[in-house]
Amino acid sequence: MTLHSNDRFDPVQRAGKPDLRSTAKPMPGEDAVSALVACAMKRICRDKEISEISEEVQRALGSPLTAALVCALCDVDDESAEAIVNDLIAAGVSVEDICVDHLAAAARRLGEMWESDTLPFTEVTMASARIQSIMRQLPPPRKRVTHHPSRGAVFCAVPGEEHTLGVMMAADLFRRNGWDVSLLVGMSHEELIDRLTRDDRGVIGLSCSGLHSRPALIRLIEDLRRVRPAAHLILAGQIVTKPSELAGVPTVDGYVASFQEAEAALQRIEGRVTS
């Protein structure tokens, strides 16, 4: 299914029910988002053949829209999640906000449910694949993206890292914002060092989720300091939010826990390069 606002799946209209978005403003205001939340929750309730989602479930899942998106991503029908994203696009929500505020939020919730054994690995894997599929179909930038020589970066998942959705999402968003980004995931230490030794882009972003990837992270940073001493190393992922797990990890040039922090860090680096 192609994610464009003028050609979207709309089970509300097809069911002959009033479209809750009919009074939404062209730009994503509070009323428009509230309407989307109500529409999404009604769709999930109807598709699951239940009368309502309890307050207890909503508290456990977080925001209603995130809850609806998580349920849709785990649905047997992959059109449910695409329909919610199409509704956001139609309401004027930017691609960046869709990725950061909605898809990333849903991905975090899925990860939490997996870690707490409330959702099986197979469901999380399927939902993650659907998020990646949705990201590939998001509308391209309206303006032509031009790359400045100072806006070059390589984003890498540390060897053995299983949680790669975040770094993939970051790479896509930075490309949309005019950065020339290469994405390296699923590679061994030797493969990464070989690729990064031959790549002259000035920023190397490393993604690491926690203790299981920490030894690989330490080894990678040490070797990168040797083969790419002038490169700016940025560390991202869940490990950044856990100071105890950073103990013993070589110092890097920046630590980021969100897309906004990553954007600010790369802008500072870009400013130093061009000044």
Side-chain angles (χ1 to χ4, degrees), residues 94-96 99-100 104 132 135-136 138 140-141 143-161 163-210 213-243 245-246 248-275:
S94 69
V95 168
E96 179 178 321
C99 289
V100 175
Q132 294 177 37
M135 288 172 54
R136 287 193 295 268
L138 288 170
K143 295 182 180 179
R144 182 182 178 184
V145 175
T146 56
H147 297 135
H148 189 276
S150 65
R151 301 192 120 202
V154 184
F155 290 177
C156 319
V158 170
E161 182 58 67
H163 302 281
T164 59
L165 186 59
V167 69
M168 294 171 66
M169 192 176 294
D172 180 72
L173 290 174
F174 274 98
R175 287 167 182 156
R176 290 173 180 273
N177 287 347
W179 282 79
D180 176 21
V181 178
S182 175
L183 176 63
L184 305 178
V185 297
M187 290 188 171
S188 68
H189 178 85
E190 291 73 20
E191 289 172 331
L192 280 176
I193 292 299
D194 179 62
R195 289 284 296 272
L196 293 171
T197 300
R198 294 182 286 109
D199 197 309
D200 63 354
R201 278 170 279 201
V203 177
I204 300 175
L206 305 176
S207 176
C208 178
S209 63
S213 299
R214 184 173 171 274
L217 172 65
I218 293 174
R219 183 186 177 197
L220 186 58
I221 293 174
E222 289 175 345
D223 281 0
L224 284 175
R225 289 302 191 195
R226 176 175 55 82
V227 300
R228 293 289 309 279
H232 299 275
L233 302 186
I234 304 295
L235 180 59
Q238 286 298 313
I239 195 171
V240 173
T241 66
K242 302 173 182 177
E245 296 185 7
L246 282 174
V249 176
T251 302
V252 296
D253 302 295
Y255 302 85
V256 299
S258 67
F259 174 76
Q260 290 81 3
E261 291 182 7
E263 191 173 35
L266 265 66
Q267 285 176 349
R268 288 194 296 270
I269 293 172
E270 180 187 11
R272 292 199 294 268
V273 171
T274 56
S275 60

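Owing to the predicted nature of the structure, the values given are computational and were not obtained by experimental measurement.
- Residues L233 and P250 are not in side-chain contact: their nearest non-hydrogen atoms beyond the backbone lie 4.5 Å or more apart.
- One finds the CG atom of L206 at 10.5 Å from the CZ atom of F155 (value rounded to the nearest 0.5 Å).
- Counting heavy atoms from C-beta on, the side chains of I239 and L246 come closer than 4.5 Å.
- In this structure E261 satisfies the side-chain hydrogen bond (donor to acceptor under 3.5 Å, both in side chains) test with no other residue, sequence neighbours excluded.
- With hydrogens and angles ignored, the 3.5 Å screen pairs no side-chain donor or acceptor of E96 with any backbone N or O of L173.
- Taking every heavy atom of both residues into account, W179 and A153 meet most closely at CE3-CB, 4.3 Å.
- Proximity of R195 to C156: side-chain heavy atoms (C-beta onward) are nowhere separated by under 4.5 Å.
- With sequence neighbours excluded, the residues forming a ring-ring contact (aromatic ring centres under 6.0 Å, His included) with F259 are F174, listed by chain and number.
- Heavy-atom minimum distance, Q238 versus S209: CB-O, 3.1 Å.
- R219 meets the salt bridge (charged side-chain N to carboxylate O under 4.0 Å, His left out) test with E190; sequence neighbours excluded.
- With sequence neighbours excluded, the residues forming a side chain to side chain contact (heavy atoms under 4.5 Å, CB included) with S207 are V167, listed by chain and number.
- With sequence neighbours left out, E191 forms a side chain to side chain contact (heavy atoms under 4.5 Å, CB included) with M187, S188.
- Between V240 and V256 there is no side-chain heavy-atom pair separated by less than 4.5 Å.
- The list of salt bridge (charged side-chain N to carboxylate O under 4.0 Å, His left out) pairs with a residue in residues 221-230, not counting sequence neighbours, reads D223-R226, R225-D253.
- Heavy atoms only, all atoms of each residue included: L192 and A157 are closest at CD1-O, 3.8 Å.
- Closest non-hydrogen pair, L165 versus M135, comes out as CD1-SD, 4.4 Å.
- Between atom SG of residue C99 and atom CZ of residue R176 there is a gap of 6.5 Å, rounded to the nearest 0.5 Å.
- The two residues C208 and S213 come nearest to each other via the heavy atoms SG-CB, 3.6 Å.
- Listed here is the closest heavy atom pair of A257 and T241: CB-CG2, 4.0 Å.
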- Query: When you look at E245 and L217, which way does the side-chain contact (heavy atoms from CB on, under 4.5 Å) test go after all the steps?
  - Reply: CA-CA 11 Å; E245 296 185 7; L217 172 65; over 6 Å; no
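- Taken to the nearest 0.5 Å, the CG atom of L184 stands 7.5 Å off from the CG atom of D199.
- In this structure, V227 and L196 have side chains that are not in contact, with every pair of non-hydrogen atoms separated by 4.5 Å or more.
- Between T251 and I221 there is no side-chain heavy-atom pair separated by less than 4.5 Å.
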